[in-house]
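Notes to accompany the following structure.
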Amino acid sequence: MSTPLQTTSFVKRPAVGKLGQPITVRSNYFEVKKLPDITIHHYDITITPDVPPPVNRKIFKQLLVSYGPSDFDGTHPVYDGRKNIFSPKRLPFASRTFDVTLAEDIRPNSRRASPVFKVKVREVATINLGELHNFLMGRSSITNNVLACIMALDVLIRNKPMLLYVTVGRSFFTPEGKQPLSGALEVWRGFYQSARPAVGKLMINLDVAASAFFQSGSLIEMVVKILGLRNPDDLRRVHSPSDWTKVDRTIKGLRLTIRHRERSNRTYKILSLTPRSARETTFMIENRKSGDDNREDNPPGIEANIEQYFKNTYNLRLQFPDIPCVSVGKTVILPMELCYIVEGQRCMRKLDERQTADMIKFTAQPPHVRANAIKEGLRILSYDDNEFLKDFGMSISKEMAIVRARTLPAPTILYHPSSRDSNAIPRDGSWNLMGKKVAQGTTLGSWGVIVFSTEREIPQAQVNGFIRELVVTCSDTGMNIPNKSPPIVYSNPQSNIESALKQAWHRAGQAVKSEPQLIVCILPNTGVPLYAEIKRVTDTMIGVSSQCIQMKHTRTPKKQYCANVCLKINVKLGGMNSQLSPTSLPFLTSKPTILLGADVSHPPPGDSTRPSIASLVGSMDSKASRYAASIRIQTARTETLADLSDMAIELLRTFYQTCGKKPERILFYRDGVSEGQFAEVQAKEVAALKVACTRLEATYKPAITFVVVQKNHHTRFFPVRREEGDRSGNCQPGLVVDTDIVHPIEFDFYLQSHAGLLGTSRPAHYHVLHDDNNFQPDDLQRLTYNLCHLFARCTRAVSIAPPAYYAHIVAARARFHSGSERWADSASSGTSAGDASSYLTVKPQLAKVMWFM
């Protein structure tokens with residue numbers, strides 16, 4: 001008997017789902033109509049000296065101009081900007097080195113020689129597209145040759161845009177229609193494209209993109225915007241070292257040009273600001289007599305400052321001699337007013353809150369607007385007129401793919417039986433709390449309030465009015481609050497927050513002679529530093545749940561706002577807000593089953609000091625409404641959870657202590673993993689889970705299903721007819737797709753579980769890497785969709801399964817647990833970083849409640 005063909009190392013799709021209402025939708029995928037069965041020739045390219053990819057591309061373009069007709073047989077090979085060339089025909093040589101000079105570097109009448117680049121091209125492999133055809137039809141596995149095919153075709157479709165536009169990864173951007181952001185940034189529109197294997201065919205995924213770039217032009221104008229000044233004259237009054245530190249941090253690494261020298265098209269890279277101003281920065285100007293450097297009568301040189309040098313040499317009188325200059329080389333210093341920032345430099349740093357809000361406004365397009373923008377991208381790309389595609393014999397459809405989909409039925413959400421209306425059936429992905437009491441309300445007996453402001457700013461009567469409304473709403477919603485007048489203390493938000501919170505905690509405990517369960521903190525603004533310090537102290541120093549309230553909500557307390565706060569408080573104290581009927585979660589109720597969710601949060605780009613944070617959450621019973629969390633600090637940018645085994649043991653024990661049974665099944669939702677990391681994550685993390693189980697008991701071997709949840713992708717769905725969408729123009733919540741555009745072989749699906757609020761909804765992509773539980777698609781899709789209705793702090797279906805969502809929240813919250821972090825007011829990243837040893841652990845008093853909500 002022959003063994004079945006092993007076509008994937010992950011999980012093969014067992015079938016196609018049938019549950020739900022069938023529907024067709026459009027997706028931003030375009031079919032490759034013609035994919036020739038040819039051999040692609042792969043060449044390695046080495047450019048010396050080493051230069052960045054944008055310069056590499058200019059050199060390669062010049063190589064084809066200079067040598068294409070004579071040495072490349074007139075073919076149009078494509079280049080990835082780094083090390084790889086792909087050609088539809090074999091080149092007339094196996095290996096050759098060329099001398100290339102960029103046309104822009106040739107300066108007539110210049111005594112300085114133009115730089116010459118050595119370009120070595122060497123044949124390394126042939127790639128057979130026939131194997132890709134077999135893989136797309138499900139007849140073979142994804143071999144290295146198949147991966148090389150997809151990479152070559154990816155480079156092929158990107159090659160022409162890379163020559164014409166600013167390119168970032170698989171996206172290209174244009175300054176047309178750019179919009180300013182605060183702090184000397186602007187947002188550019190662009191397009192993303194990627195070759196994607198699908199069921200029986202290759203598709204091109206095309207989407208709109210946006211990215212933040214530094215505004216080009218005068219460096220002085222940029223500094224004015226960075227410091228939030230009105231005009232350049234205000235720079236004369238900037239004396240604070242912290243202001244110049246902020247400027248230095250922002251502009252470091254940017255490229256600039258100068259205009260005070262004729263024929264200068266050179267660019268310079270900013271290394272730093274000078275510690276002193278142009279007037280205070282001095283250097284020696286050599287003053288040699290002709291010929292002999294060693295003559296004793298040669299004067300030693302003249303000391304001059306930067307201001308004098310530019311006056312004497314270029315007859316330029318500096319307008320801002322009292323501000324720092326920029327250092328752009330070991331011995332090269334330039335006054336800022338003579339510098340101009342080069343266009344097209346992307347901002348790699350994390351955006352602050354205002355910039356992020358402006359970026360969201362710019363990018364949030366209703367579905368029909370986004371679909372039209374994608375069609376415009378198709379026109380700009382002009383695949384039909386692309387000489388590189390023609391050379392490879394490839395053609396691409398101009399129509400968006402029509403995809404078979406299904407809309408899953410929403411589950412019924414259950415509240416406390418004593419509620420006036422104990423069942424909620426979602427409409428358009430949401431429901432409300434009117435007439436409902438939480439499924440399991442807690443008792444709040446010992447609590448306190450701290451106001452981070454003055455009594456003049458927030459009078460005690462105003463605070464009392466808000467607390468009254470909050471108590472009434474919490475009681476109506478099923479909580480029991482015997483102590484309706486908690487003690488209120490005021491504190492300066494600039495003072496010692498730790499001692500203020502400890503004082504509030506002691507006052508609350510003394511009021512009712514029992515340990516406080518909650519501190520309500522009323523904040524004057526949405527700034528990060530105060531919030532971060534409150535969470536650090538309450539989570540890791542005191543061990544008490546905290547609930548932050550913005551001051552503006554206390555003026556005229558609204559019932560809806562108080563109800564939302566109540567949902568958070570109830571689960572922070574160990575309660576349960578809602579549940580689903582056992583028939584909605586048969587996988588969880590038929591056998592003891594734990595849901596685990598994991599994520600790893602990394603420091604922002606360019607940050608070399610902060611660690612990564614790994615988080616794991618686990619359900620505590622079969623209702624899947626309450627979760628416990630575990631956190632570990634690990635080496636920066638390590639994607640796998642390094643200490644997963646110990647973390648899993650903690651949560652498996654918590655599950656056992658809560659319901660008295662060991663889980664017989666584990667369903668693991670893993671957030672934040674890219675396709676290139678699937679194999680590593682599967683190999684290490686599934687093994688770590690198995691080790692955790694055997695460490696608890698040698699014979700303990702629960703069935704494990706491991707599912708990756710991806711949100712960072714470019715797949716979107718659009719209703720074919722407007723009446724088939726929801727009020728926002730998006731597809732109805734519950735949309736599931738497991739045909740046409742999914743993986744040719746493996747078990748994956750897209751699920752748009754939430755209703756659109758702003759812009760075009762992004763579905764979650766679920767990919768099963770390991771499955772001991774032998775899930776059928778309908779069962780896993782229905783379970784995942786139903787779970788999305790159990791997110792504790794709102795009455796809406798959320799966009800990803802709650803275990804993954806909670807893990808993401810926990811990892812973000814743990815960033816605040818560093819004792820040495822200094823948080824910046826306008827951004828969610830600190831101004832000075834805490835290393836791994838500075839992170840404190842969450843107090844054990846909070847181990848079995850959802851303190852992170």
Side-chain angles (χ1 to χ4, degrees), residues 571 574 576 579 585-600 613-634 640-671 681-709 768-773 775 780 783-784 787 790 792 801-811 814 841-852:
V571 293
M576 180 170 67
Q579 62 188 71
L585 300 171
F587 182 75
L588 302 188
T589 53
S590 58
K591 286 182 183 177
T593 302
I594 189 170
L595 299 176
L596 295 176
D599 191 18
V600 180
I613 296 175
S615 64
L616 185 71
V617 301
S619 59
M620 290 195 273
D621 54 39
S622 64
K623 297 181 174 66
S625 291
R626 298 187 305 128
Y627 288 77
S630 178
I631 300 165
R632 292 292 187 279
I633 308 303
Q634 60 186 45
T640 56
L641 281 84
D643 204 14
L644 177 58
S645 190
D646 284 349
M647 298 166 81
I649 284 172
E650 284 177 32
L651 297 178
L652 288 166
R653 280 184 173 143
T654 301
F655 184 94
Y656 181 75
Q657 290 160 5
T658 306
C659 52
K661 293 176 183 174
K662 288 181 293 188
E664 294 179 32
R665 299 190 287 213
I666 297 174
L667 174 53
F668 193 108
Y669 288 100
R670 177 67 157 88
D671 192 16
V681 166
Q682 180 214 29
K684 291 182 178 177
E685 296 187 2
V686 173
L689 287 174
K690 290 178 178 177
V691 167
C693 296
T694 52
R695 279 173 59 194
L696 285 169
E697 191 178 295
T699 57
Y700 179 43
K701 293 181 180 178
I704 297 169
T705 296
F706 192 104
V707 184
V708 167
V709 188
V768 184
L769 302 191
H770 181 91
D771 184 23
D772 295 332
N773 290 295
F775 267 108
L780 183 58
L783 170 61
T784 303
L787 287 172
L790 284 176
Y805 202 150
Y806 292 145
H808 179 79
I809 291 170
V810 169
T841 56
V842 176
K843 286 285 184 183
Q845 298 94 300
L846 300 175
K848 292 185 181 178
V849 297
M850 296 173 73
W851 52 269
F852 47 86

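In what follows, every heavy atom counts, from backbone to side chain, and hydrogens, waters and symmetry copies are set aside. Sequential numbering from 1 along the given sequence is applied to the chain's residues.
- The two residues Ala692 and Ala648 come nearest to each other via the heavy atoms CB-CB, 3.9 Å.
- No donor-acceptor pair under 3.5 Å is formed between the side chain of Gln579 and the backbone N or O of Lys623.
- Between Val617 and Pro803, the shortest heavy-atom contact is CG2-O, 3.3 Å.
- In this structure a side-chain-to-backbone donor-acceptor pair under 3.5 Å is missing from Glu664 to Lys591.
- Side-chain contact between Leu588 and Leu595 is present, with heavy atoms from C-beta onward closer than 4.5 Å.
- The shortest side-chain heavy-atom distance between Tyr805 and Tyr669 does not fall under the 4.5 Å cut-off.
- When all heavy atoms are compared, the tightest approach of Pro663 to Pro702 is O-CB, 3.6 Å.
- When the side-chain contact (heavy atoms from CB on, under 4.5 Å) test is applied to His770, the partners found at least two apart in sequence or on another chain are Val686, Lys690, Ile704, Phe706, Asp772.
- A donor-acceptor contact shorter than 3.5 Å is absent between the side chain of Thr593 and the backbone of Thr589.
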Evaluate side-chain contact (heavy atoms from CB on, under 4.5 Å) for Leu667 paired with Leu783, printing each intermediate quantity in order.
CA-CA 11 Å; Leu667 174 53; Leu783 170 61; 3.4 Å; yes

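- Counting only heavy atoms from C-beta outward, the side chains of Arg695 and Ser645 approach each other to under 4.5 Å.
- With contacts defined as side-chain heavy-atom distances shorter than 4.5 Å, the pair Val571/Val849 does not qualify.
- Taking each heavy atom of Ala629 and Val810 in turn, the nearest pair found is CB-CG2, 3.9 Å.
- Side chain of Thr640 to backbone of Lys684: no donor-acceptor contact under 3.5 angstrom is found.
- Ser615 and Tyr806 share no donor-acceptor pair across their side chains, judged by distance under 3.5 Å alone.
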Step-by-step side-chain contact (heavy atoms from CB on, under 4.5 Å) determination, Tyr627 to Met850:
CA-CA 6 Å; Tyr627 288 77; Met850 296 173 73; 4.3 Å; yes

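- A donor-acceptor pair is defined here as one N or O able to donate and one able to accept, closer than 3.5 Å; no such pair exists between the side chain of Glu685 and the backbone of Leu644.
- Between Met620 and Cys659 the shortest heavy-atom distance is O-SG, 3.9 Å.
- Defined by atom type and a distance below 3.5 Å, a donor-acceptor pair is missing between the side-chain atoms of Arg626 and Ser619.
- A donor-acceptor pair shorter than 3.5 Å can be found between the side chains of Arg665 and Ser590.
- At a threshold of 4.5 Å between non-hydrogen side-chain atoms, the residues Arg670 and Val709 do not count as touching.
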Give the intermediate values and the outcome of side-chain hydrogen bond (donor to acceptor under 3.5 Å, both in side chains) for residues Thr658 and Asp621.
CA-CA 7 Å; Thr658 306; Asp621 54 39; over 6 Å; no

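- Put simply, the side chain of Ile633 does not reach to within 4.5 Å of the side chain of Asp643, judged on heavy atoms.
- Nearest approach of Gln634 to Ala614, heavy atoms of both residues: OE1-CB, 3.4 Å.
- In this structure, the side chains of Cys693 and Ile666 come closer than 4.5 Å at one or more pairs of heavy atoms.
- At a threshold of 4.5 Å between non-hydrogen side-chain atoms, the residues Phe587 and Leu780 do not count as touching.
- Of the N and O atoms on the side chains of Asn773 and Thr705, at least one donor lies less than 3.5 Å from an acceptor on the other residue.
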Apply side-chain contact (heavy atoms from CB on, under 4.5 Å) to residues Ile631 and Ile613 and explain how you reach the verdict.
CA-CA 7 Å; Ile631 300 165; Ile613 296 175; 3.8 Å; yes

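- For the pair Lys662 and Tyr700, the cation sits on the ring face: its NZ or CZ lies under 6.0 Å from the ring centre, inside 45° of the axis.
- Taking CG from Leu689 and CG from Leu641, the interatomic distance works out to 9.5 Å, rounded to the nearest 0.5 Å.
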